[in-house]
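Single-structure report; data block below.
On a predicted model such as this, the values are computed, not experimentally measured, just so you know. One-based numbering, in listed order, for ligands and for the atoms of each.
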Amino acid sequence: MDLVKIRNLSFKELSEHMLAAGYPKFRANQIFAWQNQKLVQSFNDMTNLPKELIAYLNKNFILQTLTIQKKLTSEDGNTTKLLYKLSDNNLIESVIMRYNYGYSVCVSTQVGCKMGCKFCASGADGFIRNLEPAEILEQVIIAQKLVKQRIGHVVLMGIGEPLDNFDNVVKFISLVTNKDGLNISGRNISISTSGLVDKIYKLAELDLSCTLSVSLHAPNNELRSKLMPINNKWNLEELMQACRFYFKKTGRRISFEYIMINKLNDTIEQSYDLAELIKGYPTHVNLIPINSGKQTDFKPSTAKDIKAFKCNLEQLGVNVTVRRTLGADINAACGQLKKKEIRR
Ligand code: SAH
Ligand code: SF4
């Protein structure tokens, strides 16, 4: 029988388990604090627990589910990419980023991805499995241990489609925002999606106060369907309606990711179409020069084209930034390091 990953349990579930096993409830408080505040990775390090309880935990649970396989830091020291091995030997990635407002970690939510976007390394080898809440949470915990400072922000933008692993992602959010856990504010969590419309409605209803970040990448259905097969299931009109609903329900402005691909989606005309598509409510557009890996022939837009695209959006009243390319020297785009490791 597989051991239970203890970090999958909410505090309530852990307390119930401890009571049922005949331990006083305060033991659950102690264990939860070791897991989430002192961030230990072995039950043997929970030094205020009786030996017998430590033996019980070792027999029934696992605490550490990830091991660092590789760690790369960019030349400027602001970006660290981690390749992790899971307990079933699958590989995933996280990226730790240092900003002027603090540390942010970008976590993976699945091993592989089903969505098959043409520009993306994560989905290139298909889908293997969902990550469990503990496996997502541990990416934040290990990051915090490494930088020895509080991680204030989490973005679900690593490998995988978060909304395709809905229940585990929602459980992860409730664990990571727990006041007695890592206590990261829901407002500082961004969930990135390729546009699973049914799940956007479901997420809006939960009102977790997270930012919804939608990977748009094209201002019309024809081009978007070529780049992102999900657009054949839910087109841009349906996606935009869901985004407006998310804003209405949560009051959180929607963030749109737009990768800039040379001569494909970066013309001035397309910037007009983009502005038209998202007009009328609070949004933010993040332009990202595509990180071209071996898996695609797409080239990033030129600096001149990006500037012109951005300026035109600004003139049309769109809130827009160009994302600084984080750690291109360390294959920081999602899935690229894993892909390289597998090729090796
Ligand atoms: N599946 C989710 C979240 C993970 S992908 C989603 O698609 O939103 C995180 C972001 O990286 C997405 O915006 C995705 O479009 C983008 N991305 C994928 N491949 C990229 C590449 N080669 N260069 C730049 N961004 C890329
Ligand atoms: Fe999956 Fe996102 Fe990559 Fe598309 S961009 S294949 S949804 S991880």
Side-chain angles (χ1 to χ4, degrees), residues 79 81 92-95 97 104-131 136 139 154-166 168-169 172 189-197 199-200 203 210-218 223-234 239 242-243 246 254-262 264-266 284-301 306 321-328 330-340:
T79 311
K81 179 125 192 177
I92 54 157
E93 302 173 4
S94 293
V95 185
M97 293 154 293
S104 174
V105 58
C106 169
V107 297
S108 293
T109 55
Q110 296 181 314
V111 183
C113 183
K114 296 175 200 160
M115 302 302 146
C117 302
K118 296 291 184 282
F119 44 79
C120 176
S122 298
D125 294 322
F127 171 76
I128 298 178
R129 72 169 174 88
N130 282 326
L131 293 187
I136 310 174
Q139 296 172 59
V154 176
V155 295
L156 284 76
M157 273 195 192
I159 298 172
E161 167 50 57
L163 298 189
D164 186 44
N165 184 14
F166 193 86
N168 287 348
V169 161
F172 157 73
I189 297 175
S190 288
I191 305 175
S192 181
T193 181
S194 55
L196 276 63
V197 163
K199 300 292 168 31
I200 294 177
L203 190 69
C210 300
T211 298
L212 184 68
S213 184
V214 174
S215 298
L216 206 52
H217 308 332
L223 180 57
R224 193 165 192 269
S225 294
K226 276 190 197 142
L227 295 172
M228 304 175 71
I230 187 78
N231 200 66
N232 294 308
K233 184 158 184 187
W234 287 291
L239 178 58
C243 291
Y246 190 90
I254 307 293
S255 173
F256 291 106
E257 307 288 306
Y258 194 96
I259 52 177
M260 302 283 296
I261 311 174
N262 193 23
L264 196 69
N265 66 354
D266 61 356
H284 174 258
V285 173
N286 208 352
L287 302 176
I288 311 147
I290 190 170
N291 213 317
S292 44
K294 279 210 170 58
Q295 70 284 353
T296 73
D297 299 328
F298 299 127
K299 297 274 166 289
S301 303
I306 295 174
T321 48
V322 178
R323 185 192 292 167
R324 86 178 202 244
T325 37
L326 285 163
I330 54 165
N331 304 290
C334 74
Q336 290 188 340
L337 180 62
K338 173 182 168 187
K339 197 101 187 113
K340 203 167 159 206

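- No side-chain donor from either of Asn165 and Gln110 sits under 3.5 Å from a side-chain acceptor of the other.
- Those atoms of ligand 1 that come under 4.0 Å of a heavy atom in Ile290, given as number and element, are 21 (C), 22 (N), 23 (N).
- For ligand 2, the atoms closer than 4.0 angstrom to any heavy atom of Met115 are 1 (Fe), 7 (S).
- Within the coordination shell of atom 4 (Fe) of ligand 2, defined by N, O or S atoms under 2.8 Å, Cys117 is present.
- Ligand 1 places these atoms under 4.0 Å from at least one heavy atom of Gly160: 1 (N), 2 (C), 3 (C), 4 (C).
- Lys233 NZ: 12 or fewer foreign heavy atoms inside a 6.0 Å radius.
- Nearest-residue assignment for atom 4 (C) of ligand 1 (options Gly158, Ser213, Gly195; heavy-atom criterion): Gly158.
- Residue Ser194 approaches ligand 2 through these ligand atoms, each under 4.0 Å from one of its heavy atoms: 7 (S).
- Shown are Ser215, Ser122, Ser194, Ser192; of these, the side-chain hydrogen bond (donor to acceptor under 3.5 Å, both in side chains) with Glu161 is made only by Ser194.
- If you look at Met115 next to ligand 1, there are no close heavy atoms at all, none under 4.0 Å.
- Within the 3.5 Å criterion, the main-chain N or O of Ile259 finds a donor-acceptor partner in the side chain of His217.
- Residue contact check: Ser194 has heavy atoms under 4.0 Å from atoms 6 (C), 7 (O), 8 (O) of ligand 1.
- Annotation for Tyr258 and Asn265: closest pair OH-O, 2.7 Å, computed over non-hydrogen atoms.
- Of all atoms in ligand 1, numbered sequentially from 1 with element shown, those under 4.0 Å from a heavy atom of His217 are 13 (O), 14 (C), 15 (O).
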Assess the residue pair Ile200 and Leu239 against the criterion (side chain to side chain contact (heavy atoms under 4.5 Å, CB included)); give the C-alpha distance rounded to whole Å, side-chain angles, the decisive distance to 0.1 Å, and a yes or no. CA-CA 9 Å; Ile200 294 177; Leu239 178 58; 3.7 Å; yes
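- Close contacts of ligand 2 with Cys113, meaning ligand atoms under 4.0 Å from a residue heavy atom, involve 1 (Fe), 6 (S), 7 (S), 8 (S).
- Considering backbone and side-chain N/O atoms, Ser192 comes within less than 3.5 Å of an N/O atom of ligand 1.
- For the residue pair Glu257 / Ser213, a side-chain donor-acceptor distance below 3.5 Å is found, with atom types taken as modelled.
- Heavy atoms of Val214 found under 4.0 angstrom from ligand 1: none, in either backbone or side chain.
- Heavy atoms of Ser215 come nearer than 4.0 angstrom to ligand 2 in no pair at all.
- The atoms of ligand 1 that sit less than 4.0 Å from any heavy atom of Ile259 are 24 (C), 25 (N).
- Residues Pro300 and Asn262 share a closest heavy-atom pair of O-CB, 3.4 Å.
- In this structure, CD1 on Ile191 lies 7.0 Å from CG on Leu212, to the nearest 0.5 angstrom.
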